[in-house]
Amino acid sequence: AVYLPTLNRTTLETGTDIASLERAALFNPTDPRRSIDLFQAQKKQGETDDALRTLEKLIDTPNAPPFVRQEIAALYMQKKDFRRAWEQFREAMQKR
């Protein structure tokens with residue numbers, strides 16, 4: 001997205017095997033890094049809807065990183081769902 005670039009985060013700590021990353025995220029629900037690794041792998045493989053679901057689960061946890069809403073907004077921009085992208089971006093800006 002030109003106007004709302006996705007944030008580049010560190011590289012994955014583990015491989016990009018989505019099934020392994022899903023298990024790691026499932027068995028470590030309080031570790032946001034596991035969900036971020038899964039999100040990045042899903043995004044890299046073009047699985048936008050799965051990446052959105054991963055981040056939307058993460059955003060409801062108390063230790064969600066502050067950049068998650070901006071990533072959600074960028075994914076909605078890719079899907080051309082501009083209303084939802086704006087809602088997420090606005091929410092991200094209010095949290096700052």
Side-chain angles (χ1 to χ4, degrees):
V2 175
Y3 300 104
L4 183 62
T6 185
L7 300 172
N8 291 323
R9 296 286 161 209
T10 59
T11 57
L12 297 175
E13 290 179 1
T14 60
T16 57
D17 174 38
I18 299 231
S20 296
L21 294 171
E22 285 175 337
R23 278 191 300 279
L26 179 65
F27 292 121
N28 298 287
T30 59
D31 182 0
R33 183 75 235 167
R34 302 293 173 220
S35 294
I36 295 301
D37 287 348
L38 174 58
F39 150 72
Q40 287 180 334
Q42 291 166 325
K43 182 176 149 187
K44 184 176 182 179
Q45 300 224 349
E47 298 176 6
T48 305
D49 290 335
D50 291 338
L52 265 171
R53 276 191 291 279
T54 297
L55 291 181
E56 287 170 343
K57 288 178 191 173
L58 177 60
I59 200 69
D60 292 331
T61 63
N63 55 351
F67 63 85
V68 171
R69 284 204 188 273
Q70 187 172 338
E71 289 289 351
I72 292 172
L75 289 172
Y76 276 126
M77 289 289 291
Q78 284 181 357
K79 293 174 57 86
K80 301 200 183 319
D81 188 340
F82 303 114
R83 181 185 59 81
R84 284 193 175 120
W86 171 245
E87 289 169 356
Q88 292 295 324
F89 184 67
R90 185 178 56 214
E91 188 76 23
M93 297 310 296
Q94 289 175 353
K95 300 280 184 195
R96 290 180 178 214

[X] versus [Y]: any side-chain heavy-atom pair under 4.5 Å?
{"X": "Phe82", "Y": "Met77", "answer": "yes"}
{"X": "Arg34", "Y": "Asp37", "answer": "yes"}
{"X": "Pro62", "Y": "Thr30", "answer": "no"}
{"X": "Glu47", "Y": "Ile18", "answer": "yes"}

For [X], check side chain to side chain donor-acceptor pair (under 3.5 Å) against everything at least two apart and list the hits.
{"X": "Arg23", "answer": "Ser20"}
{"X": "Asn28", "answer": "none"}
{"X": "Glu87", "answer": "Arg83"}

Revision key, fill the gap. Hits for salt bridge (charged side-chain N to carboxylate O under 4.0 Å, His left out) against Asp49, two or more places apart or cross-chain, chain-then-number order -> Lys79
Exercise for review: Could you list the residues that satisfy salt bridge (charged side-chain N to carboxylate O under 4.0 Å, His left out) with Arg90, not counting sequence neighbours?
Suggested key: none
Let me confirm one number: the [atom1]-[atom2] distance from [X] to [Y], rounded to the nearest 0.5 Å.
{"X": "Ile72", "Y": "Ile59", "atom1": "CD1", "atom2": "CD1", "result": "5.0 Å"}
{"X": "Arg69", "Y": "Phe89", "atom1": "CZ", "atom2": "CZ", "result": "13.0 Å"}
{"X": "Tyr76", "Y": "Leu55", "atom1": "OH", "atom2": "CG", "result": "10.0 Å"}
{"X": "Leu52", "Y": "Lys57", "atom1": "CG", "atom2": "NZ", "result": "12.0 Å"}

Review point. What pairs with Thr54 under side-chain contact (heavy atoms from CB on, under 4.5 Å), at least two apart in sequence or on another chain?
Key: Ser35, Leu38, Phe39, Gln42
Practice item. Look at the side-chain heavy atoms of Ile, Leu, Val, Met, Phe, Trp and Tyr, link any pair under 4.5 Å apart, and say whether Leu26 and Leu21 land in one connected group. Key: no
**Study point:** Exercise: identify the closest heavy-atom pair between Asp31 and Asn63
**Key:** N-ND2, 4.4 Å
Review point. Between Thr61 and Pro29, what is the shortest heavy-atom contact and its length?
Key: CG2-O, 4.4 Å
